[in-house]
Engineer: 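One structure, as structure tokens, below. Some questions next.
Note that the structure is a prediction, hence the values are computed from the model and not measured. Residue numbering restarts at 1 for every chain, and letters A, B, ... go by the order of the sequence lines.
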There are 2 protein chains.
Amino acid sequence: MEEMRVVAQPNLRELVAGRIRQAISSGRFKPGQRLIERELCEMLGVSRTSVREALREIESEGLVTNLPNRGPIVAMVSRETAESIYQVRMSLEGLAVRLFVQRASDEEVQALALAFKTMSSTRARGSSLTYLDAKSAFYRILLDGCRNTVVSEMLKSIHNRVHLLRVTSLSQKDRIRASTEEMRHILDAIVGRDEQKAVKLMEQHLENAASAALAAIDARDANPAG
Amino acid sequence: MEEMRVVAQPNLRELVAGRIRQAISSGRFKPGQRLIERELCEMLGVSRTSVREALREIESEGLVTNLPNRGPIVAMVSRETAESIYQVRMSLEGLAVRLFVQRASDEEVQALALAFKTMSSTRARGSSLTYLDAKSAFYRILLDGCRNTVVSEMLKSIHNRVHLLRVTSLSQKDRIRASTEEMRHILDAIVGRDEQKAVKLMEQHLENAASAALAAIDARDANPAG
DNA sequence: GTCAATATTATTGTATGACAGCCTGTTCGT
DNA sequence: ACGAACAGGCTGTCATACAATAATATTGAC
């Protein structure tokens, strides 16, 4: 047994989907922007077949909207949809945190604590990019520790859609600081294996996050500049 | 303005996806069965392009699993996955019922009551098919009344995956009766606009449903016949 | 006769080219 | 300036092709 392949090699289409996803999440492709198949093909050096299948996948994640006979555009998240997203997020992250407390090993809890530390220290220096990376790492550990692939998948999708908003954390420095503080408390509850408390704190945290995000959206929508 | 088209005409690929979905949900395609592209093409009279794109869509809903270089099979839901599905379902239907109580108009509540009546009466005569149809109708009203498209979409997907189990309601007659009784109480709470109670009852209901389903799965897995 | 090596086949994964149909913007006639 | 014909771009779908891979059948050794 030379090699145990655990991670299935991704298809070309998976790779393409990943690249497009990243371009959207990173803000390189902006909401409302058309995604023209030919351009994506040239940009990625693959055929329309692969691009189209990748787009179907991303579409079902809600990152892309398909206008009939017009083609795909980067999804534009309305205020209503944003509200819906946050409601679902609250519900599912509540579940996730509860499962994590119930199921995660002490090592996983420790890894989560470390990830939080990294996160809060990257916050100190500027570079909002690495802050988001650290936050992603934090969530990855949380979702893995749940041992529930369904909630994991759904929350990954939800998080991508939240990134699409790109109004939350970035715009309000105060909110980042408060958010980190809230997460510290959540972490404490997790470390103390206090299920109820962790869930409650997570829900409050997301309630606050939602308020901030929705306020930012309202500002955006009121502002003609977009 | 002769006609206000509200419902976008479905693409060919959407139609194909719908047909395949239906074939899976109805049990015509059984878990583990290979879905060979050529056969689907012939069966539906469309090209591989359309079939493949439809399969991508269904795959991301969890109804189909893609084996690398082997192609898609109807998803086989393991006990673990079933547990995960029910945990998520509990969480999201809790949210759904809460939103419905908060937001649904009196007309919608009444429609829900009617749908339940239909459901419980179809239960009296045999025909488990129409019972499931009536149950679908009930849920459609519930999800529409939520005014949260995100939870709606996710629960549709979850319900499809639950159908895939096909061990829940059908196998145990007692369970159907008890389930209907539980739903009656949920409905009562909804009609009374008692949010807390409705959510709690729904969670209990799904807890019971999960127990029954998991027990049936354990029986299935213990039985070599499959 | 059994097992390993090899050939065969079936099917996917991807690319290419084609074309009708739908939008959009433009030009042209009036 | 206003609406109608026109042109271009893009999607939606089909057909075809072919390499890569997995499953199956076949051969051959012992």
Side-chain angles (χ1 to χ4, degrees), chain A residues 1-21 23-24 29-61 63-76, chain B residues 1-21 23-24 29-61 63-76:
Chain A
M1 200 188 319
E2 278 198 19
E3 176 185 18
M4 283 249 288
R5 203 172 267 299
V6 176
V7 183
Q9 50 156 1
N11 299 338
L12 193 48
R13 120 175 60 101
E14 280 302 329
L15 289 174
V16 169
R19 296 290 294 274
I20 298 177
R21 229 182 257 118
I24 294 177
F29 293 162
K30 296 186 201 322
Q33 178 180 340
R34 285 186 70 176
L35 298 177
I36 291 161
E37 292 176 5
R38 185 179 43 72
E39 291 178 2
L40 295 174
C41 292
E42 288 168 6
M43 172 188 255
L44 298 165
V46 298
S47 72
R48 263 182 90 196
T49 312
S50 305
V51 166
R52 283 180 65 89
E53 291 191 14
L55 283 172
R56 289 293 93 68
E57 192 175 320
I58 299 175
E59 185 186 349
S60 65
E61 295 170 10
L63 286 184
V64 151
T65 306
N66 221 336
L67 308 180
N69 291 315
R70 193 85 209 290
I73 64 174
V74 178
M76 294 188 293
Chain B
M1 199 187 317
E2 277 197 22
E3 177 186 17
M4 284 252 284
R5 203 173 267 299
V6 175
V7 182
Q9 48 155 6
N11 298 338
L12 193 47
R13 120 176 57 101
E14 280 301 330
L15 289 174
V16 169
R19 296 290 293 274
I20 298 176
R21 227 181 260 118
I24 294 177
F29 293 162
K30 297 188 200 321
Q33 176 179 343
R34 285 185 71 179
L35 299 177
I36 291 159
E37 292 175 4
R38 185 179 42 75
E39 290 178 2
L40 295 174
C41 293
E42 288 168 7
M43 171 190 254
L44 298 165
V46 298
S47 72
R48 264 182 87 196
T49 311
S50 304
V51 166
R52 283 181 64 89
E53 290 190 14
L55 283 172
R56 291 290 94 69
E57 193 176 320
I58 298 176
E59 185 186 349
S60 66
E61 295 169 12
L63 286 184
V64 151
T65 307
N66 221 334
L67 307 179
N69 290 315
R70 193 85 213 289
I73 62 174
V74 177
M76 293 187 294

Engineer: Separation of N11(A) atom CG from dA15(C) atom P, in whole Å?
Structural biologist: 11 Å

Engineer: Quick one: does E14(A)'s side chain get under 4.5 Å of E57(A)'s, heavy atoms only?
Structural biologist: yes

Engineer: Working to the nearest 0.5 Å, report the span between OG1 of T49(B) and CD of E53(A).
Structural biologist: 8.5 Å

Engineer: Provide, to the nearest angstrom, the distance between the CG atom belonging to L67(A) and the P atom belonging to dG12(D).
Structural biologist: 9 Å

Engineer: Measure from CZ on R70(A) to C1' on dT24(C) and round the result to the nearest Å.
Structural biologist: 7 Å

Engineer: The side chain of V46(B) lies closest to which of these nucleotides: dG13(C), dC14(D), dA22(D)?
Structural biologist: dC14(D)

Engineer: Which nucleotide in the list dA15(C), dA22(D), dT11(D) gets nearest to the side chain of P72(A)?
Structural biologist: dT11(D)

Engineer: Picking from T65(B), I73(B), L40(B), what satisfies side chain to side chain contact (heavy atoms under 4.5 Å, CB included) with L35(B)?
Structural biologist: L40(B)

Engineer: If only side-chain N and O atoms of R38(B) are considered, is one of them under 4.0 Å from the OP1 or OP2 phosphate oxygen of dT11(C)?
Structural biologist: yes

Engineer: Scan L35(B) against the nucleic acid and name what it touches under 4.0 Å (heavy atoms): base, sugar-phosphate only, or nothing.
Structural biologist: sugar-phosphate

Engineer: Is the distance from OP1 or OP2 of dG12(D) to the nearest side-chain N or O of R52(A) less than 4.0 Å?
Structural biologist: yes

Engineer: Go through it in stages, so that I can follow the logic: the residues are R56(B) and N66(B), the test is side-chain contact (heavy atoms from CB on, under 4.5 Å), and I'd like the CA-CA distance, side-chain angles, deciding distance and then a yes or no.
Structural biologist: CA-CA 9 Å; R56(B) 291 290 94 69; N66(B) 221 334; 2.5 Å; yes

Engineer: Please pick, from dT16(C), dC23(C), dA22(D), the nucleotide with the shortest atom-to-atom distance to any side-chain atom of N69(B).
Structural biologist: dA22(D)

Engineer: Find the distance E42(A):CD to dC10(D):C1' and express it as a whole number of Å.
Structural biologist: 13 Å

Engineer: Does the dA15(D) base have a donor-acceptor partner in the side chain of S47(B) within less than 3.5 Å?
Structural biologist: no

Engineer: If I take atom CD in residue E14(A) and atom C1' in nucleotide dG13(C), what distance separates them, rounded to the nearest angstrom?
Structural biologist: 13 Å

Engineer: Please give, in whole Å, the distance from dA15(D) P to R48(A) CZ?
Structural biologist: 16 Å

Engineer: Return no unless some side-chain N or O of R34(B) is found under 4.0 Å from OP1 or OP2 of dT11(C).
Structural biologist: no

Engineer: Assess the residue pair R21(A) and E61(A) against the criterion (side-chain contact (heavy atoms from CB on, under 4.5 Å)); give the C-alpha distance rounded to whole Å, side-chain angles, the decisive distance to 0.1 Å, and a yes or no.
Structural biologist: CA-CA 10 Å; R21(A) 229 182 257 118; E61(A) 295 170 10; 2.9 Å; yes

Engineer: Rounded to whole angstrom units, what separation is found between the CG atom of L12(A) and the P atom of dG13(C)?
Structural biologist: 11 Å

Engineer: Write down the distance between CD1 (I36(B)) and P (dA10(C)), rounded to a whole number of angstrom.
Structural biologist: 11 Å

Engineer: So, is S50(A) near the phosphate of dA15(C), with a side-chain N or O under 4.0 Å from OP1 or OP2?
Structural biologist: yes

